[in-house]
Colleague: 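Handing you this structure, nothing more for now.
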Amino acid sequence: MEQNATEIMLTLGLGGQMVGTAYQTDPVLPELKEAYARVPVLAKQYPGREALLSSRPDFVYSMRASAYAPEAAGPRDGLAKLGVPAYLSSNDCEDPALIPPSAEIEALYTEIEEIARIFGVQDRGQTVVAELRRRLEEAKRSAPANLDASVMWYYSGTKTPIIAGDTGLPGTFSELLKVRNAFADISRQWAEGSWEEIATRDPDVIVLADLTRGGDGDSAQAKKDFLRNDPVASQLTAVKENRFIVVPASSLDPSIRSVSAIEQVGQGLARLYG
């Protein structure tokens, strides 16, 4: 029911068991493009419940609670009553009290292994997770040692920028790479920021999420253009020093791409600081 879940399914070799997908947000990973093309697209964004059920699924999977909104597939308990169990990532549970206090990579590994077990491909799940663990260990060592740098994780928006707090994956990434999240005091995954407050904190590096949906300040280039021309933002140290690192937006939420974000940011920090 959205791209991140779809890419986990395809990585596990489960394309042949998929009756549909929906809500593509980024270009498909190159290694999954051929398999992705064989899966029917139910809707450009989320299909409604009727459209979803017309594909006669035995199981529905999404990493985003928005897939189960009333205007989308509808609540999971309603699907269950129709005999269609629906899985949702712990990181975006409908009940905020059940969302873990921080987004951990281990939760992603657990999810991949759970989906693999549901579909009877446990060995494949273990292989995928083992490779992600190996890459993560290498990525953690890619950033310069003893780097005293603050990082702002900038998702979208120009007038009101959406930035990462401490409870989402960017907070975890910051810890793994031993840098400081400039907004670690915000106990939310993502929050609305202000350029005045950002200027006060003056981050050393800005990580730009690259979105392809076409909204205000979505693409990395749109963010750069704004930052370089806005009277306040253009005075930030990171902007004046051109300290930008670009990552796909989907990699900043739990997904098969998340380890690649740590790799890219670690390599970016090494490029910026030597």
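In this text, all values refer to a predicted model and were calculated from it rather than measured experimentally.
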Colleague: Salt bridge check: are Asp166 and Arg188 linked by an N-O gap of less than 4.0 Å?
Modeller: no
Colleague: Can you check whether Gln221 reaches Val246 side chain to side chain, under 4.5 Å on heavy atoms?
Modeller: no
Colleague: Evaluate the side-chain proximity of Leu169 to Ile105: yes if any heavy-atom separation is below 4.5 Å, no if none is.
Modeller: yes
Colleague: Identify whether the distance between the nearest side-chain nitrogen and carboxylate oxygen of Arg201 and Glu197 falls below 4.0 Å.
Modeller: yes
Colleague: Please lay out, stage by stage, how Ile115 and Tyr87 fare under the test side chain to side chain contact (heavy atoms under 4.5 Å, CB included).
Modeller: CA-CA 9 Å; Ile115 296 298; Tyr87 187 108; 4.1 Å; yes
Colleague: Please evaluate residues Leu252 and Arg257 with respect to the criterion side chain to side chain contact (heavy atoms under 4.5 Å, CB included), reporting the C-alpha separation (whole Å), side-chain torsions for both, the decisive distance (0.1 Å), and the verdict.
Modeller: CA-CA 8 Å; Leu252 297 181; Arg257 302 170 180 239; over 6 Å; no
Colleague: Give a yes or no on whether Ile198 and Leu208 share a hydrophobic cluster (residues Ile, Leu, Val, Met, Phe, Trp, Tyr; joining criterion: side-chain heavy atoms under 4.5 Å apart).
Modeller: yes
Colleague: Does CD in Glu31 sit with more than 12 non-hydrogen atoms of other residues, nucleotides or ligands closer than 6.0 Å?
Modeller: yes
Colleague: Taking atom types as modelled, find out whether Thr160 and Glu192 have a side-chain donor-acceptor pair closer than 3.5 angstrom.
Modeller: no
Colleague: Is it true that Arg228 and Asn242 share a donor-acceptor pair across their side chains at a distance under 3.5 Å?
Modeller: yes
Colleague: Could you pull out all residues at least two apart from Glu241 that satisfy salt bridge (Lys or Arg N to Asp or Glu O under 4.0 Å)?
Modeller: none
Colleague: Measuring from atom CG of Leu136 to atom OG of Ser260, what distance do you get when rounded to the nearest 0.5 angstrom?
Modeller: 11.5 Å
Colleague: Between Glu138 and Arg134, is there a salt bridge with N-O shorter than 4.0 Å?
Modeller: yes
Colleague: List the atom of Gly20, the atom of Val39, and the distance in Å for their closest heavy-atom pair.
Modeller: C-CG1, 3.7 Å
Colleague: For the pair Ile8 and Tyr61, evaluate side chain to side chain contact (heavy atoms under 4.5 Å, CB included) and give the outcome as yes or no after the intermediate values.
Modeller: CA-CA 10 Å; Ile8 285 178; Tyr61 174 32; 3.4 Å; yes
Colleague: Quick one, Glu131 and Val259 - any side-chain contact, counting heavy atoms below 4.5 Å?
Modeller: no
Colleague: Of the non-hydrogen atoms in Ser142 and Ala270, which two are nearest, and what is the gap between them?
Modeller: O-CB, 3.5 Å
Colleague: Going only through I, L, V, M, F, W and Y residues with side-chain contacts under 4.5 Å, is there a path from Leu211 to Leu227?
Modeller: no
Colleague: Could you see if Ile162 belongs to whatever hydrophobic cluster contains Met152? Use Ile, Leu, Val, Met, Phe, Trp, Tyr and a side-chain cutoff under 4.5 Å.
Modeller: no
Colleague: Going by heavy atoms in the side chains, are Val179 and Asp148 under 4.5 Å from each other?
Modeller: no
Colleague: Side chain of Arg117, backbone of Gly125: donor and acceptor closer than 3.5 Å?
Modeller: no
Colleague: Salt-bridge test for Asp218 and Lys223: reply yes if a basic N is under 4.0 Å from a carboxylate O, no otherwise.
Modeller: no
Colleague: Could you grab the distance from atom CG of Leu272 to atom CD1 of Ile245, nearest 0.5 Å is fine?
Modeller: 5.0 Å
Colleague: Supply the members, apart from Leu88, of the Ile/Leu/Val/Met/Phe/Trp/Tyr cluster built from side-chain contacts under 4.5 Å; use none for a lone residue.
Modeller: Met1, Tyr23, Leu42, Tyr46, Leu52, Leu53, Val60, Tyr68, Leu79, Leu82, Val84
Colleague: In this structure, would Ile206 and Tyr273 fall into the same cluster of hydrophobic residues linked by side-chain contacts under 4.5 Å?
Modeller: no
Colleague: Would you indicate whether the side-chain heavy atoms of Asp253 and Asn4 approach each other to under 4.5 Å?
Modeller: yes
Colleague: Look at the side chain of Ser251 and the backbone N and O of Val247, then say whether any donor-acceptor pair between them is shorter than 3.5 Å.
Modeller: no
Colleague: If I compare all heavy atoms of Ser62 with all of Glu2, which pair ends up nearest, and what's the gap?
Modeller: OG-CG, 3.3 Å
Colleague: Look at Glu34 together with Arg38 and state whether they make a salt bridge at an N to O cut-off of under 4.0 Å.
Modeller: yes
Colleague: Below 4.0 angstrom, N of the basic side chain to O of the carboxylate: do Lys240 and Asp202 qualify?
Modeller: no
Colleague: Using every non-hydrogen atom in the two residues, find where Thr25 and Ser250 come nearest and quote the distance to one decimal.
Modeller: OG1-CB, 4.5 Å
Colleague: Do the side chains of Val207 and Phe244 join up, straight or via other hydrophobic residues, at under 4.5 Å, putting them in one cluster?
Modeller: no
Colleague: Give a yes or no answer on whether the side chain of Arg124 reaches the backbone of Thr11 with a donor-acceptor pair at less than 3.5 Å.
Modeller: yes
Colleague: Compare all side-chain heavy atoms of Ser150 with those of Pro203 and state whether any distance is below 4.5 angstrom.
Modeller: yes
Colleague: Could you tell me the separation between the CZ atom of Phe173 and the CD1 atom of Ile262, rounded to the nearest 0.5 Å?
Modeller: 4.5 Å
Colleague: Give a yes-or-no answer on whether the side chains of Gln267 and Glu263 include a donor-acceptor pair shorter than 3.5 Å.
Modeller: no
Colleague: Give, for atom CG of Leu14 and atom CD1 of Ile118, the distance between the pair rounded to the nearest 0.5 Å.
Modeller: 10.5 Å
Colleague: For the residue pair Trp195 and Phe226, categorise the inter-ring angle as parallel (less than 30°), tilted (30 to 60°) or perpendicular (more than 60°).
Modeller: tilted
Colleague: Heavy atoms, side chains only, cut-off 4.5 Å: are Lys178 and Lys140 in contact?
Modeller: no
Colleague: Which atom pair, heavy atoms only, marks the closest approach of Ala22 to Pro47?
Modeller: CB-CD, 3.6 Å
Colleague: Shortest non-hydrogen contact from Phe183 to Ala164?
Modeller: CB-O, 3.6 Å
Colleague: Can you name the side-chain hydrogen bond (donor to acceptor under 3.5 Å, both in side chains) partners of Asp210, sequence neighbours left out?
Modeller: none
Colleague: Can you tell me if Tyr109 and Gln126 form a side-chain donor-acceptor pair at under 3.5 Å?
Modeller: no
Colleague: Do any N or O atoms from the side chain of Glu7 and from the backbone of Val28 form a donor-acceptor pair under 3.5 angstrom?
Modeller: no
Colleague: Give a yes or no on whether Glu114 atom CD has more than 12 heavy-atom contacts from other residues, nucleotides or ligands under 6.0 Å away.
Modeller: yes
Colleague: What do the steps show when you test Arg180 against Glu175 for salt bridge (charged side-chain N to carboxylate O under 4.0 Å, His left out), and what is the final call?
Modeller: CA-CA 7 Å; Arg180 290 176 283 111; Glu175 293 178 8; over 6 Å; no
Colleague: Is it the case that the side chains of Ser187 and Thr167 hold a donor-acceptor pair, with the cut-off being a distance below 3.5 Å and no angle test?
Modeller: no
Colleague: Out of curiosity, Met18 CE to Thr6 OG1, how far, rounded to the nearest 0.5 Å?
Modeller: 4.0 Å
Colleague: Give a yes or no answer on whether the side chain of Arg243 reaches the backbone of Val205 with a donor-acceptor pair at less than 3.5 Å.
Modeller: no
Colleague: Would you say that Val19 contacts Asp58 through its side chain, given a criterion of any heavy-atom pair below 4.5 Å between the two side chains?
Modeller: no
Colleague: So, taking the atom named CD1 in Ile256 and the one named CG in Leu108, what distance separates them when rounded to the nearest 0.5 Å?
Modeller: 6.5 Å
Colleague: Would Trp153 and Val265 satisfy side chain to side chain contact (heavy atoms under 4.5 Å, CB included), going step by step from the backbone distance to the final call?
Modeller: CA-CA 11 Å; Trp153 303 79; Val265 175; 4.0 Å; yes
